Protein chains: 2
Amino acid sequence: MTTTESGAETAAEDRVFAALANATRREVLRLLRERGPQPVQALADHFDMRRPSLSEHLRVLREAGLVAEQRSGRQRIYRLEAGPLAEVQDWLHPYERFWREQLKGLGELLDRMPDDDRP
Amino acid sequence: MTTTESGAETAAEDRVFAALANATRREVLRLLRERGPQPVQALADHFDMRRPSLSEHLRVLREAGLVAEQRSGRQRIYRLEAGPLAEVQDWLHPYERFWREQLKGLGELLDRMPDDDRP
DNA sequence: TTGACGCGTAGGGAAACTCCTACCTATTGT
DNA sequence: ACAATAGGTAGGAGTTTCCCTACGCGTCAA
């Protein structure tokens with residue numbers, strides 16, 4: 001439990017999942033993770049998209065707590081804030097035994113199959 | 001890596017993240033996890049929403065591979081298919097060291113703070 | 001066979017999303 | 001002081017989401 005997670009904490013959870021629903025925003029997170037903090041234009045260069053549109057995406061990520069900005073002169077350096085992703089993992093955790101069971105079942109199925117028939 | 005995950009596998013990833021972006025759909029997954037497979041009406045009873053709307057949500061979940069249906073007479077029993085959630089966890093994994101670093105930093109900060117000043 | 005039940009699909013409307021082109025503010029260099 | 005740079009904001013258009021009310025299709029019970 002990263003935050004209080006008691007009851008109406010759903011609003012924060014909602015913002016995080018909604019932020020992750022867009023491929024451009026997931027790509028921004030990947031860029032910040034792989035290349036470290038960057039100003040907006042450096043990020044925008046990697047997309048076929050005008051800068052104001054990317055600014056909007058950055059706002060969504062910021063309001064979800066997934067990135068933070070640090071002003072440096074006239075630039076704004078964005079950096080990854082991975083905290084909310086830990087909450088996603090917490091959310092995922094109770095499902096883990098289900099997908100392990102499914103994978104186990106698949107494995108056993110394959111074990112009982114002649115090699116020729118495998119997908 | 002649960003599926004091939006080579007290149008244009010992004011479409012499947014997109015469908016999963018998009019499916020999880022809605023609170024009703026996340027709640028459906030929780031109900032199926034906690035109470036096991038159920039027909040549509042039993043699920044619909046837990047929401048302040050008409051049944052056709054829930055049917056739409058079930059379609060989105062089905063196309064994301066997160067639920068599966070099994071017909072039984074005139075009922076359709078939906079069950080959790082957690083496989084795609086394993087892929088979400090895979091997606092999450094490279095971020096883990098970042099949130100661990102952040103939490104570590106926060107812990108050290110708290111250690112250096114007098115108890116009275118803690119949030 | 002007829003009626004009720006379980007559920008999906010069609011179609012529509014309000015709101016939200018995602019992109020765009022201006023445009024505005026703040027900072028820096030000349 | 002002035003022009004150029006970095007980046008946010010406003011407003012608008014096209015698309016998608018999410019809910020609704022009808023309605024259609026298959027199944028079961030009388």
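First the proteins, then the strands, lettered A, B, ... as listed; each starts at 1. The model shown is predicted, which means the values in this text are computed figures rather than measured ones.
At a threshold of 4.5 Å between side-chain heavy atoms, the hydrophobic network of Ile, Leu, Val, Met, Phe, Trp and Tyr places B:Ile77 and B:Val40 in two separate groups.
Under the ring pair (Phe, Tyr, Trp, His ring centres under 6.0 Å) criterion, B:Phe98 pairs with no residue at all, not counting sequence neighbours. Every residue meeting the salt bridge (Lys or Arg N to Asp or Glu O under 4.0 Å) condition with A:Arg97, not counting sequence neighbours, appears here in chain and number order: A:Glu101. Among residues two or more places apart in sequence or in another chain, the side-chain contact (heavy atoms from CB on, under 4.5 Å) test is passed with B:Ala64 by B:Arg15, B:Val16, B:Ala19, B:Leu66. Considering only residues two or more places apart in sequence or on other chains, B:Arg30 meets the salt bridge (Lys or Arg N to Asp or Glu O under 4.0 Å) condition with B:Glu27, B:Glu34. In this structure A:Gln75 satisfies the side chain to side chain donor-acceptor pair (under 3.5 Å) test with no other residue, sequence neighbours excluded.
Shown for residues 24-32 of chain A: no residue has heavy atoms falling under 4.0 angstrom of DNA chain D.
B:Leu54 contributes atom CG, which lies 10.0 Å from atom CG of B:Asp45 (distance to the nearest 0.5 angstrom).
Among residues at least two apart or in separate chains, salt bridge (charged side-chain N to carboxylate O under 4.0 Å, His left out) pairs with a member in residues 47-61 of chain A are A:Glu56-A:Arg59, A:Arg59-A:Glu63. Pairs of residues two or more places apart, or lying in two chains, that qualify as salt bridge (charged side-chain N to carboxylate O under 4.0 Å, His left out) and include a residue from residues 71-86 of chain B are B:Glu69-B:Arg71, B:Glu69-B:Arg76, B:Arg79-B:Glu81. Sequence neighbours left out, the pairs with a member in residues 16-26 of chain B that pass salt bridge (charged side-chain N to carboxylate O under 4.0 Å, His left out) are A:Glu13-B:Arg26, A:Asp14-B:Arg26.
The bend of the helix from C:dT1-D:dA30 to C:dT30-D:dA1, defined by the angle between the axes of its first five and last five pairs, stands at 20° to the nearest 10°.
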Inset, instruction - Carefully, step by step, assess B:Trp91 and B:Phe17 under the rule side chain to side chain contact (heavy atoms under 4.5 Å, CB included). - result: CA-CA 11 Å; B:Trp91 181 90; B:Phe17 277 107; 3.7 Å; yes
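For the residue pair B:His57 and B:Arg62, no side-chain donor N or O sits within less than 3.5 Å of a side-chain acceptor on the partner.
What separates CG of B:Leu61 from P of D:dT17 is a distance of 13 Å, to the nearest Å. Spacing between atom NE2 of B:His57 and atom P of D:dT17 amounts to 12 Å, rounded to whole angstrom units.
Taking for each of A:Gly73 and A:Val60 the nucleotide of DNA chain C with the nearest heavy atom, the 5'-most of the two is the partner of A:Val60.
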Whether each nucleotide of nucleotides 3-16 of chain D has a protein heavy atom under 4.0 Å at its base (B), only at its sugar-phosphate (S) or at neither (-) is summarised, 5' to 3', as -BBSBBB-------
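A:Leu20 pairs with exactly one of A:Val60, A:Leu61, A:Leu85 by the side-chain contact (heavy atoms from CB on, under 4.5 Å) rule, that one being A:Leu85.
For DNA chain C, the span of nucleotides reached by chain B at under 4.0 Å from its heavy atoms goes, 5' to 3', from C:dA4 to C:dT9.
The shortest distance between the side-chain N/O atoms of B:Ser53 and the OP1/OP2 oxygens of D:dC18 is not below 4.0 Å.
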